[in-house]
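Have a look at the structure below, then the notes.
Side chains are part of it too, since the values below use all heavy atoms of this structure and drop only hydrogens, waters and symmetry mates. Residue numbers start from 1 in every chain, and the chains themselves are labelled A, B, ... in the order their sequence lines are given, proteins ahead of strands.
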Amino acid sequence: MISFEHLTKRYGEATVVDDISFTVPSRTVTAIVGASGSGKSTLLRMVNRLVAPSSGRVCIDGEDIARIQPYMLRRRIGYTIQNYGLFPHYTVAENVATVPRLLGWPPARIEAKVDELLTLFRLDPGEFRNRFPHQLSGGQQQRVGVARALAAEPNILLMDEPFGALDPIIREKAQDDLKAIQSRFGTTLLLVTHDMEEAIRLADHIAVMEGGRLEQYAPPGEMLLHPATPLVEQLIGTSDKAFRVLSLVTLEAAAAPGPPPPGALPLPASLSLREALSELLWSRRNALAVIGDDGAPKGSVTLEAILRRAAGPEASQDGPAAERR
Amino acid sequence: MTRGYLRPAAFSRLGFVVTGLLAAALAGPLVSFHANRILPGDPRSVFACLPPALAAGLVLILAAAMAAAFFGGGWPRLAMASLGIAALGIACGVAASRLTATGGSWSRVSPGMGFWLGLFGLVVLFADAAVRIRFSPRARLSLVFLAGLCLAGFFYSGIWRDVSVVREYDARAADFWREGGIHIMLAAGSLMVACLIGIPLGIGLKFSQALRAPILNLLNVIQTIPSIALFGMLIVPLSWLAAHLPALAKAGINGVGVAPAFLALVLYSLLPVTANTLIGLRGVPAPVLDAARGMGLTSLQRLGRVELPLALPVILTGVRLVLVQNLGLATVAALIGGGGFGVFVFQGIGQGAPDLILLGALPSVILALAAAVVMDALIALTARPAP
């Protein structure tokens, strides 16, 4: 659990982070979203004391981090940045082993950990262990960067634009990998991004920042339905809000029990409602049958039910979005 | 790039240059004959001073080297250049022995204009071949070692015993090695002291914005003082110190001699070492430093494990510059009694004996060349491509 308490950072006259308070629950993913200059990176860098707050404090599991030696604190917290910052004169294995070596792990344990992480990130240890960073593709460098951040089994992982330098096709795969690894290790993940799509896809909570202030801190679904400020509304987009809401819900969660109506389209339970809607429209059907991983039927979803879920709250029918049309 | 052996690879300016030099070598005087060591020389051509078979052999080898310069790939050029240099060396030694045998014990035979032009042409060909073959750093180190072995082999084989420079050497062999030791001590010792001061200073300047400009400017000013002037300027304070601090005088520190020479060389070396350390450290990519800090490396660990290793190629470039520069400057140290190979140069100038000048100049040049190649190879060994 990371709690920000009235956290403020000033550089001379400029207030970069302005009195921010919120709490990130353990084992969840939180995305800090904002334009460049919104203070999001500064906020992130105050968690591992790369930046010292002007006032306020950050607590990890109730402990004020100002009381911990910065370098000791940082060895407990994973950290990755946009250009990965791999050490060009270290091999992949030496890069990944950086923090365990600082912590004085025995060599056998380090070696086992390196191989475990490389395998986990689909980098065959035999092939990649002794390569140098310049011999890797961008996607491989990114994975080595994340593996290095996770090497000492930190409870918290901070990521500053972790996917910013990847092309869109690799990016989606890397996001899925990260999500899988996060839930496997139960890491508390705090990531900074300017991409709302990425935040909605990955995060359990989103913190939107602008001009150093926190605009809203909420789960993605709530943020889509009730944007707190015009800026948040603008960031989440107005035209495809309904689809974004649908993309947050899987068929498994939406399935109504009971046998599907005749002619229902069979679809896997892991699909989102957004994808299911597209399938239904394309195949001109009104209902679908939810099929589990084991092939067993898990209920049904009607087109009407999907449309109902996509509808915004009553109040926003007369809201600014409606008037603009 | 053409890899064929017999294709006119980039028809070849180098071919013309090398051919011109080698033709001039054959046409010009291979050696010059002096009745004694200070009389002006009497030029002798290849054909006048060598037995016909040997002269023909030399002509053939140099002709083959010309052909290699026009048509050869890297390896034939390398082979012909090496063979040509060896042949030229043998020819010079044989010519010297033959001419002194008839010229009497006072007579001297020194390498003539033809010899030097030929040597220059072949060295150009050799360097070009080495660039074409793209030797690995380790191969370059072995090549320098091999060249040193060959030189020593020629020297100790006795084939050059009648060449004037070797005659001068024979007359003062003990002096030669002593001054050689001083020369290297001056150049390498001052470099070491400069590294001991300059590298920490460069690290310090990285952190202190305020001191950076003044110190670099000061070192810059020192660098612009001509060497003779700097040697002279150090005589006054050092003799004052020696006069007032007997301990210093006892330790051999004095206004003239090794001390001011050494000190001047240290001062000259400080700017390249300090500035390159600073530049190297500042060239470490910001994301790498940010990651190192974010992972919990202390500032000392960052310096030792990340910043200095990544700055090493740039620091070594400064060291290379200083080493080559000092090997040259150490020659001038003889002017203020500092010793080194310069002793023979200035003695030779004083006596009007060109061979003695060569005895000082040749080893200085060879040392500087070898140092440059060795340091370049070390730099290449430590450099790594950026991520």
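Other residues, nucleotides and ligands place no more than 12 heavy atoms under 6.0 Å from the CG atom of A:N155. Atom CD of B:Q301 sits in a crowded spot, with more than 12 heavy atoms from other residues, nucleotides or ligands closer than 6.0 Å. Dense packing is recorded around CZ of A:R122, with more than 12 heavy atoms of other residues, nucleotides or ligands lying under 6.0 Å away. In the displayed structure, B:Q209 atom CD is contacted under 6.0 Å by at most 12 heavy atoms of other residues, nucleotides or ligands. The number of heavy-atom neighbours closer than 6.0 Å to CG of B:L300, taken from other residues, nucleotides and ligands shown, is 12 or below.
At least one side-chain heavy atom of B:L297 sits under 4.5 Å from a side-chain heavy atom of A:T98.
Residues of residues 33-65 of chain A that come within less than 4.5 angstrom of chain B, heavy atom to heavy atom, are A:R45, A:N48, A:L50 in numerical order.
Residue B:A286 does not touch chain A at all, counting heavy-atom pairs closer than 4.5 Å.
Although no hydrogens or angles enter the test, the distance criterion places a donor-acceptor pair under 3.5 Å between the side chain of A:H89 and the main chain of B:R305. Between the side chain of A:R74 and the backbone N or O of B:M295, no donor-acceptor pair lies under 3.5 Å.
One distance of note links OH of A:Y90 with CG of B:L310; it measures 9.0 Å at 0.5 Å rounding.
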Applying side chain to side chain contact (heavy atoms under 4.5 Å, CB included), run through B:V306 and A:F87 and close with a yes or a no. CA-CA 7 Å; B:V306 180; A:F87 299 147; 4.1 Å; yes

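Taking every heavy atom of both residues into account, A:R148 and B:A291 meet most closely at NH2-CB, 3.3 Å.
Note: A:I81 leads A:D160, A:I81, A:T80, A:N83 in heavy-atom pairs under 4.5 Å with chain B.
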